[in-house]
A.B. asks: 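Before I ask anything, let me first share the structure, which is written out below as structure tokens.
Because the structure is predicted, anything quoted here is derived from the model rather than measured. Both ligands and their constituent atoms are indexed starting at 1 by order of listing.
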Amino acid sequence: MFRLGVIGYGGRIHGVIHDVLRRIESKIRVVGIVDPNEESTRKRLAECDKQDAVFYKNVDDLVRQAKPDALLIGTRCNLHTPYAIEAARYDLPLFLEKPVAIDMDQALALEHAFENSRCQVVVSFPLRVSPLCELTRQYIARDSIGQPIHVHAVNYVNYGTVYWEQGYRDYAITGGLFLQKATHDLDYISYMMGSPIVRVAAMLTRGKTFGGNKPAGLICSQCDERETCLESPRNRNRSGAGGNGHPDKPCVFSVDSGLPDNPALSANEDCSSALLEFASGAHGVYSQVFFSRRDAAARGAIISGYHGTLSFDWYVDQLRFVRHHAPFTATEKAGQGASHFGGDQELGFDFLAVMQGTRPSRTPIQTGLASVYACLAARESAETGKFVPVRQVGQSS
Ligand SMILES: NC(=O)c1ccc[n+]([C@@H]2O[C@H](COP(=O)([O-])OP(=O)(O)OC[C@H]3O[C@@H](n4cnc5c(N)ncnc54)[C@H](O)[C@@H]3O)[C@@H](O)[C@H]2O)c1
């Protein structure tokens, strides 16, 4: 039996436990939870956990009384660091949601907490461990394209309205979409390129699509414009533009999603881009766009070396390898349909392996920190208009 202690039992961590871990290993039980919203959490729990799961006021009580074999942190972004710092005190495997921190103070404190910790972390980076990313990395490691010299990565998010209509629109919780979203991409890009990101220049655009003057707290069912608004559930359903069809969806054009007079102060960005320099001397570009819909979805990269070009897109689930100096082009097609392109299942196998002590994490705390440092540099660059050096994990000051 694997006994899990969960801090922040929300939608994502329930999915990881119930739809991922439990499908690999049926002997999984949630034995302790720290979550102030006990009532809604109890409703979310799987039947098999309802009897055993005890709610605790803090992590210390959970660890001492429930005696879990491992901890999982699934709170919203701003609480990942403080809880992970607490978890670092225990010699228990930890599954930690991303981003691992949302500002420099948090990131430095987190790095410090793990300097002498024996806590083994699986950071929730499904893209890095997804089979398609691993396959691409294998091509690069086999020297198929020579040294990777350039990367061009894109993320056209066709469900991006969640960042204006759910809890993610609270900038104080997310810290913006470099940290919320690009943390995955900058992580896998650095992994594929086999080199850390050392300098970033970035730009972002806010307030051109979402956010606006609609009153705080407005929901679609109370809005006079629900017949004509492109974002009302009925119009989204009609156009196939996504959304859950709930009539009480919060308004994406409300002041809650960004201050109309000065959106730069507190709003998520409509889109953002970063120019990346790697320690190897290679460089690349990454862009993320949050207002795209439907078939505009794209997430993947083109990586080039002197001998060839690799390109892949998770939505197409396909890798293409073009040899530059021979008349051959190969395509490898992956099976489709898995959560986070198969990456969640891989994270599940990794976490179970760490619990059993059979192999180390492929996404240890250092990967989460390295990505946060790159994202923080991007956010700072977008604010200042300057190139920003990226702090490296383990750097002395
Ligand atoms: N790795 C991925 O691909 C991926 C995918 C989706 C979400 N996420 C991340 O997962 C995190 C959670 O997202 P979600 O959609 O599950 O959110 P959620 O709101 O459903 O879950 C958050 C949970 O934290 C609880 N909580 C609130 N305050 C708390 C406190 N002080 N102490 C303990 N628990 C507290 C809430 O009651 C809730 O149950 C986010 O940071 C998000 O970025 C990651």
A.B. asks: Which option out of D344, T75, T183, N78 puts a heavy atom nearest to atom 11 (C) of ligand 1?
C.D. replies: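 Result: the heavy atom closest to atom 11 (C) of ligand 1 is in T75.
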
A.B. asks: Ignoring hydrogens, just give me the one of S124, P99, G8 whose non-hydrogen atom is nearest atom 24 (O) of ligand 1.
C.D. replies: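 Minimum heavy-atom distance to atom 24 (O) of ligand 1 goes to G8.
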
A.B. asks: Atoms of ligand 1 less than 4.0 Å from C77 heavy atoms?
C.D. replies: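 Taking each heavy atom of C77 in turn, ligand 1 has 41 (O), 43 (O) under 4.0 Å.
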
A.B. asks: For ligand 1, is P126 a contact, meaning one of its heavy atoms is under 4.0 Å away?
C.D. replies: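 Judged by the 4.0 Å heavy-atom criterion, P126 does count as contacting ligand 1.
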
A.B. asks: Just jot down the ligand 1 atoms closer than 4.0 angstrom to any heavy atom of H184, in number order.
C.D. replies: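 Selected atoms, number and element: 1 (N), 2 (C), 3 (O).
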
A.B. asks: I'd like the name of whichever of S40, P36, G11 reaches closest to atom 30 (C) of ligand 1 through any heavy atom.
C.D. replies: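 Considering heavy atoms of S40, P36, G11, the nearest to atom 30 (C) of ligand 1 sits in P36.
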
A.B. asks: Among H14, R12, R76, K57, which residue places a heavy atom closest to atom 17 (O) of ligand 1?
C.D. replies: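 Looking at heavy atoms only, the winner is R76.
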
A.B. asks: Under 4.0 Å between a side-chain nitrogen and a carboxylate oxygen: does that hold for D60 and R89?
C.D. replies: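 The answer is no: the pair does not qualify as a salt bridge.
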
A.B. asks: What I'd like to find out is whether the side chain of D52 reaches to under 4.5 Å of the side chain of R3, using heavy atoms alone.
C.D. replies: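 Not touching, per the 4.5 Å side-chain cut-off.
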
A.B. asks: Measure the acute angle between the ring planes of Y159 and Y163, then classify it against the limits of 30° and 60° as parallel, tilted or perpendicular.
C.D. replies: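 The rings of Y159 and Y163 sit tilted, inter-plane angle from 30° to 60°.
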
A.B. asks: If the cut-off is 4.0 Å to any non-hydrogen atom of V34, which atoms of ligand 1 fall inside it?
C.D. replies: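 Those atoms are 33 (C), 34 (N).
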
A.B. asks: For N37, take its heavy atoms, then give the atoms of ligand 1 lying under 4.0 Å from any of them.
C.D. replies: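 Reading through ligand 1 atom by atom, the close ones are 36 (C), 37 (O).
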
A.B. asks: Regarding R128 and D350, does a basic nitrogen lie under 4.0 Å from an acidic carboxylate oxygen?
C.D. replies: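 Salt bridge flag = no for D350 with R128.
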
A.B. asks: Would you call the rings of F341 and Y315 parallel, tilted or perpendicular, where under 30° means parallel and over 60° means perpendicular?
C.D. replies: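 Perpendicular, since the angle between the ring planes exceeds 60°.
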
A.B. asks: Using heavy-atom distances, let me know which of Q180, H80, K98, E97 sits nearest atom 10 (O) of ligand 1.
C.D. replies: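 Looking at heavy atoms only, the winner is E97.
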
A.B. asks: Counting from 1, what ligand 1 atoms have a heavy atom of Y83 closer than 4.0 Å?
C.D. replies: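 So the answer, numbered in order with elements, is 30 (C), 31 (N), 32 (N), 33 (C).
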
A.B. asks: Please name the residue in the list S371, P99, C133 that meets the side chain to side chain contact (heavy atoms under 4.5 Å, CB included) test with D187.
C.D. replies: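 Among S371, P99, C133, the one that satisfies the side chain to side chain contact (heavy atoms under 4.5 Å, CB included) with D187 is S371.
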
A.B. asks: For atom 39 (O) of ligand 1, which of I73, D35, I13 has the closest heavy atom?
C.D. replies: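 Answer by nearest heavy atom: D35.
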
A.B. asks: Indicate yes or no: at least one non-hydrogen side-chain atom of K249 is less than 4.5 angstrom from one of E231.
C.D. replies: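 Contact flag for K249/E231 side chains = yes.
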
A.B. asks: When the ring planes of F210 and F253 are compared, do they come out parallel, tilted or perpendicular, using 30° and 60° as the limits?
C.D. replies: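 It falls in the tilted class, 30° to 60°.
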
A.B. asks: Would F125 count as a contact of ligand 1 if the rule is a heavy atom under 4.0 Å away?
C.D. replies: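 So F125 does not count as touching ligand 1.
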
A.B. asks: Examine T41 against ligand 1 and note whether any of their N/O atoms are separated by less than 3.5 Å.
C.D. replies: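 No, there is no polar N/O contact under 3.5 Å.
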
A.B. asks: Side-chain contact test, heavy atoms from C-beta onward, threshold under 4.5 Å: evaluate it for M193 versus I303 and give yes or no.
C.D. replies: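 Side-chain contact under 4.5 Å: yes.
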
A.B. asks: May I ask you to identify, for L79, whether its side chain, its backbone, both or neither come under 4.0 Å of ligand 1 on a heavy-atom basis?
C.D. replies: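 Side chain only.
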
A.B. asks: Check whether any side-chain heavy atom of P93 lies under 4.5 Å from a side-chain heavy atom of M355, and answer yes or no.
C.D. replies: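 With C-beta onward as the side chain, the pair touches.
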
